[in-house]
Amino acid sequence: MAKKILVIASSPRKNGNSTELARRFCEGARESGNDVEIEELRGKEIKFCTGCLACQKTGACVLRDDACSITEKMRSADVVVFATPVYFYGMSGQMKTLLDRTNPIFSSEYKFREIYLLASAADTSAGAIDGTSEGVKGWLSCFDRARLKGVLFAAGALNPGDVSAKKLNEAREMGRKA
Ligand SMILES: Cc1cc2nc3c(=O)[nH]c(=O)nc-3n(C[C@H](O)[C@H](O)[C@H](O)COP(=O)(O)O)c2cc1C
């Protein structure tokens, strides 16, 4: 059955490596007949959570910016895919800032049950993604009806275009099977 899949690309870089992984994932997921939307955080206004916790009483954030519609889309998606560059062996600040803004939805009837993580880094070692995966797992421990279904890591990718065709195909295949 067709799924509603939201792909969130958090690189601030135009045509970033992790964004390319996200686009290929989308291609594959569309080929399988899913309803797929990509949100690129680049150029979006996503303010820092102020920690006021008003959302825990009202279910809504007091801030009005692009995070509101993105978190609403997350809430109603079946699958959420995060794409991020590895920054200092963790996720990008853009992605973390968005995750903090999901506080209004964690106690709601969010629909998503499957999460994917796509990441790229300059480092060539497989373990270079570990801090980023741990960060996502920390977020998931609060969204415990969802699980991390797949992780794809493009190591050795410093400049845009550095991701191998093989890796891009893997992203497409992952999207196809999502
Ligand atoms: C602020 C910053 C921090 C980075 N930190 C790391 C790092 O800790 N380890 C690493 O291997 N690469 C690091 N990189 C390189 C990026 O992860 C790499 O260029 C990646 O492919 C960028 O993805 P993007 O093109 O989607 O933005 C860093 C780059 C920047 C700009």
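Both ligands and their constituent atoms are indexed starting at 1 by order of listing.
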Which one of K111, R145, K73 satisfies the salt bridge (Lys or Arg N to Asp or Glu O under 4.0 Å) criterion with D78?
-> K111
shortest atom 27 (O) of ligand 1-to-protein heavy-atom contact is with S11 OG, 2.6 Å
For atom 9 (N) of ligand 1, what's the nearest protein heavy atom and its distance?
-> Y89 CZ, 3.3 Å
Identify the protein heavy atom lying closest to atom 30 (C) of ligand 1, giving its residue, its atom name and the separation to 0.1 Å.
-> Y87 CE2, 3.3 Å
Counting from 1, what ligand 1 atoms have a heavy atom of L158 closer than 4.0 Å?
-> 18 (C), 19 (O)
Just checking, any donor-acceptor pair under 3.5 angstrom between side chains of D123 and S125?
-> yes
Is the W139 to F106 ring centre distance short of 6.0 Å?
-> no
Report the distance from atom CG of L168 to atom NZ of K166, rounding to the nearest 0.5 Å.
-> 11.5 Å
Please determine if N159 has a nitrogen or oxygen closer than 3.5 Å to a nitrogen or oxygen of ligand 1.
-> no
Greater than 12 external heavy atoms within 6.0 Å of K47's NZ = yes
Pick whichever of G156, A122, G131, A154 has a heavy atom sitting closest to atom 10 (C) of ligand 1.
-> A122
State the atoms of ligand 1, each with its element, that fall below the 4.0 Å cut-off from a heavy-atom position in S120.
-> 17 (O), 20 (C), 21 (O), 22 (C), 23 (O), 26 (O)
From the options L152, V81, V80, V136, select the one residue that forms a side-chain contact (heavy atoms from CB on, under 4.5 Å) with L117.
-> V136
Answer yes or no on whether R75 is positioned over the face of F112, meaning its NZ or CZ is under 6.0 Å from the six-membered ring centre and within 45° of the axis.
-> no
With atoms numbered from 1 as shown, which atoms in ligand 1 lie under 4.0 angstrom from a non-hydrogen atom of D123?
-> 10 (C), 11 (O)
Could you find the nearest protein heavy atom to atom 26 (O) of ligand 1 and give me its residue, atom name and distance?
-> S18 OG, 2.5 Å
For ligand 1, find out whether one of its N or O atoms is nearer than 3.5 Å to an N or O atom of F88.
-> yes
Are a donor atom and an acceptor atom from the side chains of S10 and S92 found within less than 3.5 Å of each other?
-> yes
Within a radius of less than 6.0 Å around NZ of K96, do more than 12 heavy atoms belonging to other residues, nucleotides or ligands occur?
-> no
Atom 17 (O) of ligand 1: closest protein heavy atom, distance to 0.1 Å, is V86 O, 2.7 Å
State the atoms of ligand 1, each with its element, that fall below the 4.0 Å cut-off from a heavy-atom position in A157.
-> 18 (C), 19 (O), 20 (C), 21 (O)
Atom indices of ligand 1, in the order listed, that fall short of 4.0 Å to a heavy atom of G16 | 24 (P), 25 (O), 26 (O)
